[in-house]
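Both counts, for ligands and for their atoms, begin at 1 and track the order of listing.
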Amino acid sequence: MNIILLGPPGAGKGTQASRLIDKYGIPQISTGDMLRAALKEGTPLGLEAKKFMDQGALVPDTVVIGLVKERIQKPDCTKGYMLDGFPRNVSQAEALDSMLGDLSQKIDHVVCIEVPSEELLGRLTGRRTCRSCGAGYHIRFDPPKKDGTCDKCAGELYQRDDDNEATVSSRLKVYDDQTKPLIDYYSKQGKLRPVNGVGSMDEIFSRITAVLG
Ligand code: AMP
C-alpha cells in the first residue's frame with residue numbers, strides 16, 4: 001500500500017506516520033527528515049537545502065524528487081511506503097505520478113489531515129524533539145515530565161530551527177499557496193481521504209486507519 005500523508009505543517013503528519021508504519025509494516029519517507037539528516041551530516045545537499053528551510057521556503061523540486069526517487073526503490077519499500085511531506089506542490093505530484101508510472105506503481109490513498117489554521121501556529125511553536133532518540137513533545141499538549149528532558153531516554157529536547165514564529169508563518173503561507181492545490185489534484189484522481197485532525201492522537205489514528213481499511 002502506497003500512501004501520501006497531506007496536511008499543513010503542524011497537522012500531526014509525522015506523529016501519525018510513526019504510528020501507522022508500525023501498524024502497516026511500511027516505511028515512513030519524510031523529505032523533511034531526509035533534508036535535516038543531510039544537513040546534520042553537512043553534505044552539500046544539506047547545506048544548500050538549509051538556505052530554503054531557514055526561510056520556510058520549499059527546497060527546489062529537483063532535489064526532493066531525486067531523494068524520493070532513490071528512496072522508494074530501496075528494498076524496504078517493496079510492500080509499500082508512506083510519504084510524509086512529499087509532494088508539496090503540483091509539479092512534485094506530477095513528477096511522482098510519472099516516476100511511479102515508470103516503476104509500475106501507484107498511490108492508493110492520500111490522507112489529508114485537516115486542522116483549522118488558527119490552531120497551527122501554537123502547535124508548531126510549542127514542538128520539542130529529543131536530540132538523542134527523536135521522540136516528539138509539545139510544551140502544552142504533551143509536555144515531558146521534566147522540562148527540556150526526554151521521558152524515554154533523558155536526552156536533551158530542542159526546538160527545530162524552523163519552528164520559530166517568523167518561519168512558521170512563511171511555512172503556513174507556502175502551504176496555502178503551493179500545497180493546498182494538491183487537495184484538488186488528488187480529489188480529481190479519486191484518492192483523497194480527508195480526516196479531521198482535531199482530537200487526541202488516538203482518535204486521529206483511529207480515523208486514519210478507518211479510511212485506509
Ligand atoms: P517538514 O519537516 O516536512 O515540515 O519540512 C521542513 C522543511 O523542509 C520545509 O519547510 C521545506 O523547506 C523542506 N521540505 C520538506 N519537504 C519538502 C518538499 N517535498 N519539497 C520542498 N521542500 C521540502
Output the set of protein residues with a heavy-atom contact under 4.0 Å to ligand 1, ordered first by chain identifier and then by residue number. Thr31, Gly32, Leu35, Arg36, Met53, Ala57, Leu58, Val59, Val64, Gly85, Phe86, Arg88, Gln92, Arg160, Asp162, Arg171

Residues which pass side chain to side chain contact (heavy atoms under 4.5 Å, CB included) with Ser98, listed by chain and number, not counting sequence neighbours: none

Name all residues meeting the side chain to side chain contact (heavy atoms under 4.5 Å, CB included) criterion together with Leu39; count only those two or more places apart in sequence or in a different chain, and write none if there are none. Leu47, Lys50

Judged by modelled atom types alone, do Asn164 and Thr167 share a side-chain donor-acceptor pair under 3.5 Å? yes

Sidechain N-carboxylate O distance under 4.0 Å for Arg127, Asp162: no

Output yes when Arg207 and Asp202 qualify as a salt bridge under the 4.0 Å nitrogen-oxygen rule, no when they do not. no

Test: ring-ring contact (aromatic ring centres under 6.0 Å, His included). Region: residues 118-168. Which pairs qualify, not counting sequence neighbours? His138-Phe141

